[in-house]
There are 2 protein chains.
Amino acid sequence: MFSIGELSKRTKVKVPTIRYYEEMGLLPEAERTAGNQRRYDTAGLERLSFIRHARDLGFSIEAISSLIELQDHPDRSCEAATDIAASQLADVRAKIKRLKTLEKELSRISKGCDGDGMSEDCYVLASLADHGLCDQEH
Amino acid sequence: MFSIGELSKRTKVKVPTIRYYEEMGLLPEAERTAGNQRRYDTAGLERLSFIRHARDLGFSIEAISSLIELQDHPDRSCEAATDIAASQLADVRAKIKRLKTLEKELSRISKGCDGDGMSEDCYVLASLADHGLCDQEH
DNA sequence: TCTTGAACCTCTAGCCACTAGAGATCGTAT
DNA sequence: ATACGATCTCTAGTGGCTAGAGGTTCAAGA
């Protein structure tokens, strides 16, 4: 049994975040000492590691909630879990696509400036003021 | 002179968002009718278009604030504006990089499942539980 | 001129996933 | 026994809006 600080160190999840996860129902309510401090065992450690890994991969708290539920009901869990992962993947791909469009536009705008600093018309500002100067929609 | 609703239609920025921008200082306080309703002219329209375009490109409210200040002080503005745009570009590129790592990992995890749905060990759940199964850090 | 009714006003609260801080209590080492 | 770091709960703040309540104003039609 170890403290929340120890759990935090081992998982690299900050202490208030652990409490937040408990409040959100991602972690079961921890056992307490006589003095009301939380104590954890390896089960808690594993669950928090799972949560952290999923968060790192961009899964929402809600999605993680679903995944945790699925862990507890192994029948049909794989299909549903794969769905959630696939949806997360689609999300990530959509974000990449959008960001690539932005990258193109921003690098075009940035390059447009001659770096002179003395020109009375700044291409960056002009581009932002007038969407017509853009290559694509974004 | 036109109403906030008209401005909203022309810029495709929602009415509460316009009020929010005013509160945040991105838009100057609008003139008012005798009955306290906001009225705008083309100057307001242009500034809001600028803001919307910059937001679409992912600039933060704070960055836009700086850009607007620069508009009003044309000396040295180009250098500073280019800096802000470059920093935004770097941000976007960093995000793309991170998302690409996630994409790889997620597609690997998703493919790991045989789609059977009957296997007692779900690869998605196993992968999330054990970071050691991952190819890379993320 | 009067009456609708859509558009407007302000204010508060909610979203997500935390983060920060106050002020009090606990646990452990000396 | 004391010190002091770790923990507790609670509230509020972050960014960039969005939603809703409850009240007022504007403009068009009768």
Side-chain angles (χ1 to χ4, degrees), chain A residues 1-27 29-40 44 47-48 50-68 84 87-88 91-92 95 98-99 102, chain B residues 1-27 29-40 44 47-48 50-68 84 87-88 91-92 95 98-99 102:
Chain A
M1 301 294 275
F2 39 87
S3 70
I4 196 169
E6 184 60 28
L7 182 63
S8 168
K9 251 181 233 158
R10 295 204 205 174
T11 55
K12 271 143 207 159
V13 176
K14 287 179 188 158
V15 169
T17 305
I18 298 173
R19 289 197 276 250
Y20 171 74
Y21 287 161
E22 182 182 309
E23 207 189 318
M24 293 298 102
L26 289 191
L27 291 171
E29 292 197 14
E31 283 180 55
R32 304 284 184 132
T33 63
N36 200 34
Q37 299 195 354
R38 289 169 182 81
R39 286 298 111 107
Y40 298 91
R47 171 163 283 195
L48 184 54
F50 176 93
I51 294 168
R52 169 159 158 80
H53 193 192
R55 284 295 301 133
D56 279 351
L57 286 166
F59 288 86
S60 70
I61 298 287
E62 207 196 334
I64 296 171
S65 259
S66 305
L67 289 169
I68 285 173
I84 293 173
S87 145
Q88 174 61 18
D91 256 31
V92 167
K95 276 183 191 150
R98 166 154 172 79
L99 285 172
L102 298 194
Chain B
M1 300 293 276
F2 40 86
S3 70
I4 196 170
E6 183 61 27
L7 182 63
S8 169
K9 250 181 237 161
R10 294 204 206 177
T11 55
K12 271 143 207 158
V13 175
K14 287 180 189 158
V15 168
T17 305
I18 297 173
R19 290 197 276 248
Y20 171 75
Y21 288 160
E22 183 183 309
E23 207 189 320
M24 293 300 101
L26 288 191
L27 291 172
E29 292 199 13
E31 284 179 55
R32 304 285 184 133
T33 63
N36 200 34
Q37 298 195 356
R38 280 167 255 254
R39 285 298 110 109
Y40 299 90
R47 171 162 284 195
L48 185 53
F50 176 93
I51 294 167
R52 169 158 158 80
H53 193 192
R55 283 295 300 133
D56 281 349
L57 287 167
F59 287 87
S60 70
I61 297 286
E62 206 195 335
I64 296 171
S65 259
S66 306
L67 289 169
I68 285 173
I84 293 173
S87 145
Q88 174 61 17
D91 257 31
V92 166
K95 276 183 191 151
R98 166 153 172 80
L99 285 172
L102 298 195

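Throughout, protein chains are lettered first and strands after them, A, B, ... in sequence-line order, and every chain is numbered starting at 1. Just so you know, these numbers come straight off a predicted model, no measurement behind them.
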Can you check whether A:Ile51 reaches A:Thr11 side chain to side chain, under 4.5 Å on heavy atoms?
no
Between A:Val13 and A:Tyr21, is there a side-chain heavy-atom distance shorter than 4.5 Å?
yes
Can you list, in residue-number order, the parts of residues 2-9 of chain A that come under 4.0 Å of DNA chain C, counting heavy atoms only?
none
side-chain hydrogen bond (donor to acceptor under 3.5 Å, both in side chains) against B:Arg39, all qualifying residues, sequence neighbours excluded
B:Gln37
Return the set of residues passing side-chain hydrogen bond (donor to acceptor under 3.5 Å, both in side chains) with B:Glu22 (not counting sequence neighbours), or none when no residue passes.
B:Arg38
Taking side-chain contact (heavy atoms from CB on, under 4.5 Å) as the test, write out the residues that go with A:Ser66, two or more places apart.
A:Ile84
Please identify each residue that fulfils side-chain contact (heavy atoms from CB on, under 4.5 Å) with B:Ser65, with sequence neighbours left out.
B:Leu26
Distance-only check: which donor-acceptor pairs under 3.5 Å involve side-chain atoms of residues 55-62 of chain A, not counting sequence neighbours?
unit_1  : atom_1 : unit_2  : atom_2 : d
A:Arg55 : NH1    : A:Phe59 : O      : 2.5
A:Ser60 : OG     : A:Glu62 : N      : 3.4
A:Ser60 : OG     : A:Ala63 : N      : 3.0

Pairs in or reaching into residues 8-20 of chain B: which pass salt bridge (Lys or Arg N to Asp or Glu O under 4.0 Å), with residues at least two apart or in two chains?
B:Glu6-B:Arg10
Find the distance B:Ile18:CD1 to D:dT18:P and express it as a whole number of Å.
11 Å
Rounded to whole angstroms, how far apart are CE on B:Met24 and P on D:dT18?
14 Å
How does protein reach along nucleotides 10-29 of chain C, written 5' to 3' as B (base within reach of a heavy atom under 4.0 Å), S (only sugar-phosphate), or - (no contact)?
B------BBS------SS--
